[in-house]
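Structure record follows, encoded as structure tokens.
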Amino acid sequence: MTTAETGTGPTGPTPQPRTQPQAGPQPHPSPQPLTWPTRPAQEPPASTPTSTPSPTSTTTSTPIPTRHGPADPVKTLMHRHRTLCELAVDPMEIAAGLEAHGVTDRTAARFRHRDVFSLAEELYARVPRAEAPPDAPAPEPVRHGRGVRAALHLLPGALCAVTMAAVAATADAPTPVPTDWVDAPSTSVIRTAVAAAGACLVILALRLCVRHGPLRARYPSARTAGLWTCWLAGYALCGDWLLRQLLAGGPDLSSVRPQFATGTVLALTCAVVPAAWCAHWFAVRARRRLADSRSLTVFGSRVRPLLLVAVTMQLATLPALSAAVGAAVGDGGAGPVAAATALGLLFFLARLLARHGFPAAAAAGPAAAVALEAAALASAAAARLPGLAPLGKPAEAAVTLLGPPAVPAVACALPAVGLLLYALRALTGASAHAPDPVAAPAAPPAEADRP
């Protein structure tokens with residue numbers, strides 16, 4: 001039998017189908033035997049012991065593990081906040097900076113840490129400190145003694161009292177020149193000049209108080225914040241008189257003689273001293289809680305009562321000062337005391353937020369009070385126009401029932417409550433108690449990171 005007949009090849013015998021001799025024409029072809037495969041035989045799997053896997057097949061068949069992140073997750077955070085870590089003097093500053101950028105305890109868990117404080121400690125230990133160049137040492141901050149700070153915060157109230165006494169003395173003094181002199185200055189002109197000079201000195205003293213000491217803002221405030229403050233102070237001085245005149249159909253510009261609520265202004269300038277003390281008391285104890293706490297939740301639960309105590313102390317001081325000053329100058333009553341208390345509390349909360357790095361919220365509270373007071377004055381003025389009389393009914397009803405001080409009391413109390421609720425969340429974060437920046441003031445952190 002030949003090789004062609006048996007189908008023997010180089011790899012072994014290959015079965016070939018048998019062919020029958022064609023004896024004649026067949027009507028139907030013979031069916032294919034069932035024993036012959038209809039498709040090529042499959043090769044044995046590579047896992048069988050008879051097959052020897054090649055290096056290429058082994059490499060492609062072995063699954064490669066997928067890396068979901070760096071082996072050291074903290075290293076990425078180190079590069080991202082390297083400047084913060086290099087300039088920090090303790091881990092608390094790093095924790096405050098991380099918290100300002102939105103890093104919470106849940107975020108720290110993704111970096112294999114239990115909270116932000118432990119993450120800050122590792123960053124502080126791993127990042128070397130940046131050294132200042134020897135030829136340009138960092139200037140040391142100027143520190144004032146307690147006596148200097150106390151005298152500085154007493155200055156606005158003292159100047160306001162002196163100005164009021166000088167104006168009263170000028171009003172009672174006789175004419176300094178003979179009456180037959182036509183160009184001689186009148187007593188009213190001299191009194192106005194003395195009052196204007198005293199007001200300028202009081203404003204300068206207040207400006208010194210908010211630029212130094214516990215009431216100093218961490219970042220530059222908006223320019224409109226000073227405008228809102230001046231409006232509120234001006235309304236406290238003569239806003240009640242103007243509202244009465246508008247509701248009565250005036251004022252008559254030919255014979256206008258405004259009446260000033262000097263007692264309210266003197267009480268507010270004297271309230272700078274307790275406000276500075278309460279702000280300092282809160283800041284010192286909050287920093288102590290920051291050093292002792294081990295998580296943001298614990299720190300917030302410890303700082304929130306401190307804030308409530310500080311606000312309560314200031315709230316208790318304002319009515320006492322207003323009542324005492326009102327009794328001394330003869331401008332007392334429940335209405336002026338309530339208005340002065342509400343305005344003083346609004347100023348205190350706004351300054352506390354500006355001191356701890358929230359200038360936008362500090363300006364929003366006085367702006368809301370200005371809007372309410374301006375709306376009351378505008379409605380009283382618009383009520384005199386034909387067909388707009390109902391616009392002045394709310395202000396007229398409030399003045400009739402509670403007196404003119406009810407308008408500033410409500411207008412300042414509502415924003416003060418809003419600032420207090422905001423401060424209970426904003427001032428309980430670690431970033432609110434970070435040390436002041438040594439360099440030039442930069443842009444404040446995004447307040448979207450805070451509530």
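The basis for the numbers below is simple: all heavy atoms, side chains too, and nothing from hydrogens, waters or symmetry mates. Numbers for residues simply follow the sequence, beginning at 1.
Between the Gln314 side chain and the Ala275 main chain, a donor and an acceptor come within less than 3.5 Å of each other. Side chain of Arg384 to main chain of Ala248: no donor-acceptor pair is present (N/O by atom type, distance under 3.5 Å, no hydrogens or angles). Using a distance-only test at 3.5 Å, with no hydrogens or angles considered, a donor-acceptor pair links the side chain of Arg351 to the main chain of Val210.
One side chain, Trp231 or Glu373, offers a donor N or O that lies under 3.5 Å from an acceptor on the other.
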Stepwise, does the side chain to side chain contact (heavy atoms under 4.5 Å, CB included) test hold for Leu215 with Arg355? CA-CA 6 Å; Leu215 299 179; Arg355 174 69 184 91; over 6 Å; no
Evaluate side chain to side chain contact (heavy atoms under 4.5 Å, CB included) for Leu424 paired with Leu308, printing each intermediate quantity in order. CA-CA 8 Å; Leu424 286 175; Leu308 293 176; 3.7 Å; yes
Between Val265 and Phe260, does a side chain to side chain contact (heavy atoms under 4.5 Å, CB included) hold up when you go through it step by step? CA-CA 9 Å; Val265 177; Phe260 300 103; over 6 Å; no
Dump the intermediate steps for side chain to side chain contact (heavy atoms under 4.5 Å, CB included) on Met313 and Trp277, then the final yes or no. CA-CA 10 Å; Met313 290 190 296; Trp277 186 87; 3.7 Å; yes
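A heavy-atom distance below 4.5 Å is found between the side chains of Gln259 and Arg244. Thr269 places a side-chain heavy atom less than 4.5 Å from the side chain of Val202. Inter-residue side-chain proximity for Pro156 and Cys209 is flagged as met; some heavy-atom pair is nearer than 4.5 Å. For the pair Leu346/Leu232, a side-chain contact is recorded, criterion being any heavy-atom separation below 4.5 Å from C-beta on. At a threshold of 4.5 Å between non-hydrogen side-chain atoms, the residues Leu318 and Phe348 do not count as touching. Side-chain contact between Val167 and Thr192: absent, with no pair of heavy atoms (C-beta onward) separated by less than 4.5 Å. Side-chain contact between Val410 and Leu372: absent, with no pair of heavy atoms (C-beta onward) separated by less than 4.5 Å. Using a 4.5 Å cut-off on side-chain heavy atoms (C-beta onward), His356 and Phe282 make contact.
Within the model, atoms CG of Leu246 and CH2 of Trp241 stand 8.5 Å from one another, a figure rounded to the nearest 0.5 Å. Atoms CG and NE2, from Leu206 and His153 in turn, are 10.0 Å apart once rounded to the nearest 0.5 Å. Considering CG of Leu155 and CG of Leu204, their distance stands at 9.5 Å, rounded to 0.5 Å. The NE2 atom of His212 sits 10.0 Å away from the CZ atom of Arg207 when rounded to the nearest 0.5 Å. The SG atom of Cys160 sits 11.0 Å away from the CG atom of Leu201 when rounded to the nearest 0.5 Å. One finds the CG atom of Leu321 at 6.5 Å from the SG atom of Cys270 (value rounded to the nearest 0.5 Å).
Among Val370, Asp240, Leu343, Leu242, the one residue that satisfies the side chain to side chain contact (heavy atoms under 4.5 Å, CB included) test with Tyr235 is Asp240.
Across all their heavy atoms, Ala286 and Phe299 have their closest contact at O-CE1, 3.5 Å. Residue Pro404 comes nearest to Leu243 through the heavy atom pair O-CD2, 4.5 Å, listed as atom of the first residue, atom of the second, then distance. Of all heavy-atom pairs spanning Trp281 and Leu306, the tightest one is CZ3-O, 3.5 Å. Residue Leu247 comes nearest to Ala380 through the heavy atom pair CD2-CB, 3.7 Å, listed as atom of the first residue, atom of the second, then distance. Residues Ala316 and Pro319 come closest through the heavy atom pair O-CD, 3.6 Å. Between Ala362 and Leu353, the shortest heavy-atom distance links the atoms CB-CB, 4.2 Å.
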